[in-house]
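Some notes on the structure that comes next.
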Amino acid sequence: MTYFDQTIHRVGFACKYMHPDRTLSKKLLEDIERPINGRTTTVKWLSSQPKRRAEERLWELTKSNINSVRLLIKYVATLPPNQRMVRIGSEVMPVYTHPDWSYFYQQPDVKTYCERTLAAIGDLAREHDVRVSMHPGQFCVLASDNPDTVNNSIDEFEYHIDIARMMGYGQKFMDMKVNVHIGGRGGPDGIRAVLPRLSTEARNCLTIENDEMSWGLDASLELANDVALVLDIHHHLIRDEEYIQANDDRFKRVIDSWRGVRPTIHYSVSREDLLVGHDPNVLPDMKQLLESGYKKAKLRAHSDMMWNHASNDWALTFLPYSDIMVESKFKNLASTKLVEHYERQIKAAV
DNA sequence: GAGGGTCAAGTCCGT
DNA sequence: ACGGACTTGACCCTC
């Protein structure tokens, strides 16, 4: 087992808190979890309401969601230093980029409220050394071949950057990562073309992640001199059917793209209910699974927990070089259990 | 209170 | 060409 520094090597989770005691009633769990997790609405519902009522709703959601970010970071701050990393969900300010509703957030009282509260939350994160990030969703396609989609995607990306900026991030290269996939048919050139149109803060935060279907690691490596790269080791496994190694030259180039800042990689594993009966001590063999009829579309879906020890051992070989964002359905429960399992292994080995 | 229908946006795969 | 998956629930509404 390799050297392990509690204060440097982080494992985090994404967007949502789950209470550890799952034996509690559904209602009680909801009461506990609800304030910590984001809520949202739909354009359709908002536009069906009188303007006044819709605005009230947006106010309520915005206040609730900003407070939920605060509570989430407060929770992460109670974790050991090696688990102080979390992704903030995108629903903080619902419909922020929708043409009918973006005005709402430009109103001075709303804007001031968001700036003031998010600044304090950024301070809280820095005070407790919580590493934060964001990840715009599937509709943010900066490299689309449709100019309208690119325009909308820039707005959507800059929305995330507004949050980062209000929290006090974006001033230095990669003080916060806001991660997207290449996504569109424009590929790496499409991403490069859009860079001059982004704010300085956006360029400081943008990371590009390799996709599990279309644009893989080789494509994102073309951007190594332009942006920081996020290696998703499971995506690479799905797409290229390869367990990339931590000493691989391609990973070295990923590390270099962060220009001295400690990178983050993404790690997930195929669903446990898809690979029923699979030995948790054996690495899933992609080629074999595909030959026996499993589809990539199914294999890409995230598991509840990090159930495969062999896969975890592989993922954790990256930890000396980068933080690991665990992507799983059971969120903090999966990442915490993974860390605790790893630490027990280290203790046993000493 | 439970259950069913619905939701801004893009892209890919399979038929 | 088109539907469904991905994401992926969460929410509203009706009963």
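What you see below is based on every heavy atom in this structure, not just the backbone, and it leaves out hydrogens, waters and symmetry mates. Just so you know, these numbers come straight off a predicted model, no measurement behind them. Lettering follows sequence order; numbering is per chain, from 1.
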Quiz item: C:dT8 pairs with which nucleotide, Watson-Crick or G-U wobble, both distances below 3.5 Å?
Solution: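 None - no nucleotide pairs with C:dT8, as no candidate has both distances under 3.5 Å.
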
Exercise. Could you please name the partner base of B:dA8, counting Watson-Crick and G-U wobble pairs only when both distances are under 3.5 Å?
Key: none

Please tell me which of the listed nucleotides, [options], lies nearest to the side chain of [X]?
X: A:V141; options: B:dA8, B:dT11, C:dC11; result: B:dT11
X: A:A301; options: C:dT7, B:dC13, B:dA9; result: C:dT7
X: A:T149; options: B:dT11, C:dT8, B:dC13; result: B:dT11

Self-check item: Residue whose nearest DNA chain C nucleotide is more 5′ - A:R300 or A:T41
Solution: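 That would be A:R300.
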
Quiz prompt | Ring-base stacking, A:F139 with B:dA9 (5.5 Å, 30° cut-offs) | solution = yes

Practice problem: Remember a base hit wins even if backbone is also touched, and classify A:K27 as base, sugar-phosphate or nothing at under 4.0 Å, heavy atoms. | Solution: nothing

Practice problem: For A:T97, report the nucleic acid contact type (base, sugar-phosphate, nothing); a contact means any heavy atom under 4.0 Å. | Solution: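 Since a base atom lies under 4.0 Å of A:T97, the category is base.
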
To the nearest angstrom, how far is [X] atom [atom1] from [N] atom [atom2]?
X: A:K296; N: B:dG14; atom1: NZ; atom2: P; answer: 10 Å
X: A:D100; N: B:dC7; atom1: CG; atom2: C1'; answer: 15 Å
X: A:K298; N: C:dT8; atom1: NZ; atom2: P; answer: 15 Å
X: A:R57; N: C:dA10; atom1: CZ; atom2: P; answer: 14 Å
X: A:Q138; N: B:dC13; atom1: CD; atom2: C1'; answer: 15 Å
X: A:L61; N: C:dC12; atom1: CG; atom2: P; answer: 8 Å
X: A:E327; N: C:dT7; atom1: CD; atom2: P; answer: 10 Å
X: A:I238; N: C:dA5; atom1: CD1; atom2: P; answer: 18 Å

Does a side-chain N or O of [X] approach OP1 or OP2 of [N] to a distance below 4.0 Å, or not?
X: A:R34; N: C:dC11; result: yes
X: A:S144; N: B:dT11; result: yes
X: A:K16; N: C:dA10; result: yes
X: A:W45; N: C:dC13; result: yes

Exercise. State plainly whether one hydrophobic cluster holds both A:I161 and A:I163, where clusters connect Ile, Leu, Val, Met, Phe, Trp and Tyr through side-chain heavy atoms under 4.5 angstrom apart.
Key: yes

Quiz item: Under 4.5 Å between side-chain heavy atoms, hopping through other hydrophobics if needed: is there a path connecting A:L124 to A:Y113?
Solution: yes

For the [atom1] atoms, the ones on [N] and on [M], what distance do you get once it is rounded to whole angstrom?
N: B:dG5; M: C:dT8; atom1: P; answer: 23 Å
N: B:dG4; M: C:dT7; atom1: P; answer: 24 Å
N: B:dG10; M: C:dC11; atom1: C1'; answer: 23 Å

Quiz item: Is there a donor-acceptor pair closer than 3.5 Å between any side-chain N or O of A:R87 and the backbone N or O of A:S133?
Solution: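 Not a single qualifying donor-acceptor pair exists.
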
Quiz prompt | Main-chain N/O of A:R10 paired with A:D323 side-chain donor or acceptor, under 3.5 Å | solution =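 Answer holds: yes.
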
Quiz item: Which one of A:T207, A:I265, A:I208 satisfies the side chain to side chain contact (heavy atoms under 4.5 Å, CB included) criterion with A:V230?
Solution: A:T207

Quiz item: Quick one: are the ring centres of A:H160 and A:H135 less than 6.0 Å apart?
Solution: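 For A:H160 and A:H135, the ring centres are not under 6.0 Å apart.
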
Quiz item: Taking the chi torsion of C:dT8, is it syn (within 90° of 0) or anti (everything else)?
Solution: syn

